[in-house]
Amino acid sequence: MRIEGKEYRTIWFEHNVVKIIDQTKLPHQFKIKELKTVKDAINAIKIMEVRGAPLIGGTAAYGLALAVQENNDPEFIKKSAKLLIQSRPTAINLKWAVDRMIKKLAAINSDQILSIALDEAKEICDEDEKFCENIGINGLKIIEEIYNKKKDTVNILTHCNAGWLATINWGTATSPIYHAHKKGIPVHVWVDETRPRNQGANLTSYELNEEEIPNTIIADNTGGILMQRGEIDMCIVGTDRTLSNGDVCNKIGTYLKALAAHDNNVPFYVALPSSTIDWDIKDAKDIPIEERNSEELSHVEGVDENNQIKKVLIYPKKSKAINLAFDVTPAKYVTGLITERGISDASSDGLKELFKK
Ligand code: MRU
């Protein structure tokens, strides 16, 4: 998608380094950062220079290729894989991508290993881009249906950033929105600010602005009243891990939005590539929920009059805070799962039907 009119993907490999858009600097500064070692990749995931389930999967894949480039020693690669998987716990895409890389490289001990690792990392990213595009084509039908009935702007609420910046391109939740916009359907997006890290305000609104899609940032607690007033036609969110029974783990606050949507008969859709499905965990209580530093709550970042990024304390110094980064929305509150293969019920039967093969 575009930034200042130029097409980008979120990650690419060039001149022996991995390049990423440093998302900790957005929306105030656009900086491309180089990752030269697997340690750089692990750090980028941990401090969220890259974030969003599919993109951290792509970064982990390239991270492992960097490990091969640094030191093609089986023990080093094994240890690197373990550290990459541990860099953030909730998004299943991370483990999925690392496992796929390890499987690919297991039987190879020729001097082709680096180029095979790089090809596989690129393949993981290319595949994600294609899957996200298909999510958009499938989700477009829902937006079109609403538009055909309403004959007026379709208002869509989204939470966090499940946009192209969270993937390789297109995004998951935003892909149907981009497809609708490209087709000329008038859309307007309510963007949840998404405290504490403000991925909605900082990233979703930014990328929608760059694509000239009308959007309005709201405080996280505003969605309820907008739904009561009939100002939201549908919600679309992303997910970091969806269980085979349709339970959806996503950015903290998603569950509350789904409850409000249920109470107001607003359709609540979740968009995901199949790499985000966890076929193993059966009980949502077993999903590892990331707890991040409470400093993300007690401090906020912005720019001063010289466009310098500054961090300030906003809480009483002695107060304690807890920063749970994800929650789980039970399947019963999810209207449907928009995947690369089509739209399914949020249920075991629905997912089994789509992913028989
Ligand atoms: O903590 P983040 O910013 O990595 O969380 C991102 C989300 O919760 C997204 O909704 C999710 O990863 C889906 S991305 C297409």
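Nothing here was measured: the structure is a model prediction, and the numbers come from that model. Counting starts at 1 for both ligands and their atoms, following the listed order.
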A162 contact mode with ligand 1 (heavy-atom cut-off under 4.0 Å): both
Considering only heavy atoms from C-beta outward, does the side chain of T167 approach that of T10 to under 4.5 Å? no
Please list, in number order, the atoms of ligand 1 under 4.0 Å from a heavy atom of F326. 1 (O), 5 (O), 8 (O)
Measuring from non-hydrogen atoms of A325 to any atom of ligand 1, is the shortest distance under 4.0 Å? no
At under 4.0 Å between heavy atoms, which part of A271 makes contact with ligand 1: side chain, backbone, both or neither? neither
Flag the pair K183 / L140 as yes when at least one side-chain heavy-atom distance between them is below 4.5 Å, and no otherwise. yes
Output the list of atoms in ligand 1 that are nearer than 4.0 Å to some heavy atom of T167, sorted by atom number. 15 (C)
Would you call the rings of Y255 and Y333 parallel, tilted or perpendicular, where under 30° means parallel and over 60° means perpendicular? tilted
Ligand 1 contacted by M48 (non-hydrogen, < 4.0 Å): yes
Strictly by modelled atom types, are E207 and N161 linked by a side-chain donor-acceptor pair under 3.5 Å? yes
With side chains defined as the heavy atoms from C-beta onward, is the minimum distance between V270 and T329 less than 4.5 Å? no
Return the residue, atom name and 0.1 Å-rounded distance of the protein heavy atom closest to atom 9 (C) of ligand 1. N250 OD1, 3.5 Å
Shortest protein contact, atom 14 (S) of ligand 1 (heavy atom only): A166 CB, 3.6 Å
Counting from 1, what ligand 1 atoms have a heavy atom of N161 closer than 4.0 Å? 9 (C)
Compute whether any side-chain donor of one residue and acceptor of the other, for N215 and N209, lie under 3.5 angstrom apart. yes
Ignoring hydrogens and geometry beyond distance, is a side-chain donor-acceptor pair present between T239 and N250 at under 3.5 Å? no
Does the pair E210/R2 count as a salt bridge with the N-to-O cut at 4.0 Å? no
Which ligand 1 atoms, with their elements, are less than 4.0 angstrom from a heavy-atom of K251? 1 (O), 2 (P), 5 (O), 8 (O)
Look at ligand 1 and say whether G171 reaches it with a heavy atom at a distance under 4.0 Å. no
For R51 and Q23, which I'm curious about, is there any donor-acceptor pair between the side chains at under 3.5 Å? yes
Are any of the side-chain heavy atoms of L226 and L157 separated by less than 4.5 Å? no
Looking only at protein heavy atoms, identify the closest one to atom 15 (C) of ligand 1 and say how far it is in Å. T172 OG1, 3.0 Å
Euclidean distance, I135 CD1 relative to L337 CG, rounded to 0.5 Å: 10.5 Å
Here the atoms of ligand 1 under 4.0 Å from any heavy atom belonging to P54 are 14 (S), 15 (C)
Aromatic contact between F30 and Y8, with the criterion being ring centroids under 6.0 Å apart: yes or no? yes
Is H159 near ligand 1, meaning one of its heavy atoms is under 4.0 Å from it? no
Ignoring hydrogens, just give me the one of Q199, R197, E290 whose non-hydrogen atom is nearest atom 2 (P) of ligand 1. Q199
protein heavy-atom neighbour closest to atom 11 (C) of ligand 1 works out as D240 OD1, 3.0 Å
Looking only at distance, does R51 have an N or O less than 3.5 Å from an N or O of ligand 1? yes
Atoms in ligand 1 flagged as close to R88, the criterion being non-hydrogen separation under 4.0 Å: 1 (O), 2 (P), 4 (O)
Please report whether ligand 1 has a polar contact with A53, defined as an N or O pair separated by less than 3.5 Å (distance criterion only). yes
